[in-house]
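Here the structure comes first, spelled out in structure tokens, and everything after it is commentary.
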Amino acid sequence: MCGLRIRVEGGTAVDVRGNAEDVWSRGHICPKGATLGHLHDDPDRLRLPMVRTPDGGFREVDWPEAYDEVERLLRPVLAEHGARAMTVYVGNPVAHNLGLATYIGALVGMAGAAGMPAYYSPGTVDQWPLNVVSALLFGGMWNAPIPDLSRTDYLMVLGANPAVSQGSMLSAPDVVGSLAAIRRRGGKVVVVDPRRTETAARASAWVPIRPGTDALLLFALLRALVEGGAISEAPHLKGKVLGLEEAIALSEPFSPERVSAATGVDAGTIRSLAAELAAADRPVLYSRIGLCTQEFGTLATWLVFVLNVALGSVDRLGGALFTKPAVWSPMFMKPPDQTTDRWEFGRFFSRVSGAPEVLGQFPVGCLAEEIDTPGDGQIRALICVAGNPVVSAPGSRRLDEALPRLDVMICVDNWLNETTRHADVILPGLSPLERAHADDLYWMYATASCVKWSEPVFAERPDRPGEWELLLRLAGAALGTPVPDVDVAAMDDLYVQGLVATACATEGTPLTGRDAAAAFASLEGRGPERLVDLGIRLGPWGDDLGVRPGGLTLADVRRHPDGLWLADLDEGRLDDAVTTPSGCIELIHPQIVDDIPRLAARLDRESPPLVLTSRRHLRSNNSWMHNVPALMRGRERCTLLVHPDDARDLGLSDATSATVETDGGSVDVVVQVSAEMMPGVVSLPHGWGHGRPGTMLAVANAHPGVNANVLNPVGVVDVPSSTHVVNGVPCRVRPRSS
Ligand SMILES: Nc1nc2c(c(=O)[nH]1)N[C@H]1C(S)=C(S)[C@@H](COP(=O)(O)OP(=O)(O)OC[C@H]3O[C@@H](n4cnc5c(=O)[nH]c(N)nc54)[C@H](O)[C@@H]3O)O[C@H]1N2
Ligand SMILES: Nc1nc2c(c(=O)[nH]1)N[C@H]1C(S)=C(S)[C@@H](COP(=O)(O)OP(=O)(O)OC[C@H]3O[C@@H](n4cnc5c(=O)[nH]c(N)nc54)[C@H](O)[C@@H]3O)O[C@H]1N2
Ligand SMILES: [Mo]
């Protein structure tokens with residue numbers, strides 16, 4: 001989302017820097033953004049399709065040969081077992097790649113129509129609890145209010161490290177700068193995290209917490225606020241919230257004194273945090289992945305919003321505000337398989353371990369067993385789009401062993417890495433400089449309403465398909481057309497016609513009740529451009545497909561390479577933003593309340609002596625930017641952070657090797673003794689474990705690190721959301737025996 005200035009000389013991007021004129025980012029840029037030129041030039045980046053050879057290696061082929069090979073391998077599976085035997089893995093870069101983001105719905109939707117039962121994504125090691133809570137409380141799975149960073153005077157950050165991640169499900173141009181500004185204007189930033197993170201180091205206070213116990217802390221904060229008489233119905237929320245009284249009643253068993261042993265936060269600290277929240281003019285809580293991928297991810301995430309409601313902070317300046325994205329997205333609609341008024345989860349179960357679907361997915365850790373367990377419904381064909389689950393999914397060792405047993409694995413990916421080395425065919429996309437760019441998902445969480453479009457830096461290559469075309473081709477194949485024969489343009493029309501027709505037939509969209517054929521006919525162009533144009537025109541500033549002359553279209557936006565800044569966030573948006581059946585924020589749901597006894601049982605359970613957590617780094621993006629030399633300089637980053645007291649007790653010393661063991665597996669890793677950890681908690685970054693045979697990542701393989709997900713067991717999940725627990729996993733650490 002950061003605006004870039006890219007200087008090109010002789011066909012090379014010689015300089016990439018922040019664009020000071022950009023209406024959104026005003027010159028801000030992170031170390032990752034500056035490397036787009038390196039990604040483009042990376043000699044290991046795939047430019048041609050790769051096909052597996054009988055000796056287990058790969059050879060480059062041209063596109064027609066690649067399509068023939070996909071057809072040769074995929075068709076027998078579909079013919080014999082149907083689409084039931086296939087699945088799709090939707091990796092994280094799908095969300096920040098325009099072509100993939102706009103067309104992944106075509107592949108997943110059409111394969112689903114052909115009979116594919118479920119698909120997989122890292123959502124279930126990421127934000128699934130937030131999606132569940134957003135759906136239930138606010139009506140849409142991508143619809144949650146974000147902290148108003150520029151006006152709050154008290155920000156509590158739980159389980160997020162925006163100084164590194166730059167904010168997650170919270171898009172702001174310069175989060176570190178925003179946090180500093182809160183403090184400069186006399187406000188406070190409090191970070192709740194088992195590690196004194198880069199964010200905590202810049203905050204007013206750090207509150208260490210035992211991993212997985214935030215729901216207890218948050219319930220206790222609610223209790224203390226209620227007992228202190230600090231909760232009264234905010235006038236602007238009157239008649240707009242259902243269930244606050246019940247939520248307060250549910251907090252009864254969780255007094256500060258009662259939760260203090262389990263959380264490791266003493267009752268006095270909890271009471272003074274509550275007093276600070278009560279005294280602040282514009283307090284707001286914000287949480288992310290550390291509160292999602294933990295034992296009580298849904299309850300913890302839910303309680304963040306319960307507290308924001310109880311404090312009167314929702315929909316109020318300086319509190320938690322609903323955004324107003326300039327571009328309408330099909331993602332704003334309920335998934336088409338959610339057919340009733342209420343959100344329903346657990347409508348079907350995974351074949352092997354009986355995991356319930358949540359929002360159409362099973363926990364990603366189930367993928368391996370669905371592939372390697374014979375029987376009716378076994379997965380035999382996998383299409384992996386921009387994902388590296390061998391590194392990113394819990395239980396990764398089993399997945400690494402299962403993938404070679406597939407009848408066919410097709411990857412849409414730009415590198416030959418830990419996952420794609422198992423593919424039969426790899427179909428590469430274009431480089432970030434060879435394709436147009438616009439964001440959609442991330443504007444839904446942005447601190448301002450802006451719209452931008454970036455043209456490709458280097459001309460699109462007529463000899464190479466865009467990734468969106470690859471997805472449509474694979475979708476056509478799932479529907480029965482031989483891969484080489486798929487008419488991509490016709491598929492594109494079919495998909496967009498379907499989207500438009502769905503929007504016309506769905507309540508509460510900008511197209512509700514309108515004529516689908518006429519709406520479709522008013523669109524121009526093809527591919528991602530047509531869909532972005534549709535979104536801009538249907539957005540709040542758009543021309544409404546001609547109904548509002550003078551309103552925005554993509555053509556207007558293209559005339560503003562520095563972007564168009566449309567509005568600040570504002571309050572008073574509840575009626576627009578909340579799409580629950582009642583039109584109110586609905587706090588109470590069986591999916592949530594039924595999980596509270598499980599939380600209560602945690603109170604008297606003894607805490608394990610040592611638990612494992614995850615972390616991220618600034619010069620890294622999950623598993624896939626380790627091949628950029630400029631990001632890999634400096635000291636080794638894949639280290640196990642251990643508190644000095646634990647190191648002493650365990651006989652570990654800095655820079656030596658230790659064995660970490662869990663019920664999931666074990667790895668050997670370099671120890672980094674650090675007082676930034678709370679005692680009893682160790683931290684290992686995710687996204688490492690390179691250096692595997694058959695990969696082509698010269699730089700990453702020279703700094704392999706270890707794969708944290710070998711350690712994370714698949715069976716441990718946050719129950720309501722079926723999300724994996726990768727924070728708070730009991731572990732044992734000992735010096736590595738030589
Ligand atoms: N530079 C960079 N930026 C990134 C990424 C990257 O890899 N590198 N990844 C991107 C992606 S895909 C995502 S999803 C976002 C994630 O963005 P964030 O959610 O900000 O992610 P992390 O930096 O992993 O921060 C999670 C924090 O939770 C803490 N934590 C662990 N367990 C608990 C717990 O039980 N309770 C509490 N309170 N805290 C806990 C961890 O110590 C850690 O500090 O970042 C995105 N941005
Ligand atoms: N233990 C632990 N595990 C975690 C997490 C954690 O905090 N702890 N975090 C989880 C989170 S939040 C996430 S999002 C996931 C990430 O999980 P994944 O999405 O599976 O993994 P990434 O590392 O993002 O891998 C991205 C893949 O996309 C490819 N790629 C990059 N750019 C492009 C492109 O432009 N086009 C195409 N076609 N391919 C491209 C890369 O080569 C790589 O194969 O990991 C999750 N796993
Ligand atoms: Mo993520």
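Just so it is clear, the model here is predicted, and its values are computed rather than measured. When a ligand or atom number is given, it counts from 1 through the structure's own listing order. One is the number of the first residue; the rest follow in order along the sequence.
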- Output yes when the distance from some N or O of ligand 2 to some N or O of D413 is under 3.5 Å, and no in every other case. yes
- Message: Checking the N or O distance criterion of under 3.5 Å, is ligand 2 in contact with N388?
- Response: yes
- ligand 2 versus V391, non-hydrogen atoms closer than 4.0 Å: side chain, backbone, both, neither? neither
- Where does the angle between the aromatic ring planes of W415 and W624 fall among parallel (under 30°), tilted (30 to 60°) and perpendicular (over 60°)? tilted
- Query: Can a cation-pi geometry be assigned to R473 and Y67, taking NZ or CZ under 6.0 Å from the six-membered ring centre and within 45° of the ring axis?
  - Reply: yes
- Query: Can you list the ligand 2 atoms lying under 4.0 Å from a non-hydrogen atom of E467?
  - Reply: 34 (C), 36 (N), 37 (C), 38 (N)
- Using a heavy-atom cut-off of under 4.0 Å, does the side chain or the backbone of I289 touch ligand 2, or both, or neither? side chain
- The side chain to side chain contact (heavy atoms under 4.5 Å, CB included) partner of R421 among D400, V390, L697, I426 is D400
- Going by distance only, is there an N or O of A393 that falls short of 3.5 Å from an N or O of ligand 2? no
- Could you tell me whether ligand 2 has any atom less than 4.0 Å away from a heavy atom of G687? no
- Note on the structure: Any heavy atom of T293 under 4.0 Å from ligand 2? The part involved is neither
- Region of S623 engaging ligand 2 - heavy atom pairs below 4.0 Å: both
- Item | ligand 2 atoms in contact with N97 (distance to a heavy atom under 4.0 Å) | 34 (C), 35 (O), 36 (N)
- Looking only at distances, please establish whether an N/O atom of ligand 2 is found under 3.5 Å from an N/O atom of T420. no
- Task: May I ask whether R616 places a heavy atom under 4.0 Å from ligand 2?
- Result: yes
- Message: Taking a cutoff of less than 4.0 Å between a non-hydrogen atom of the residue and any ligand atom, is R435 in contact with ligand 2?
- Response: yes
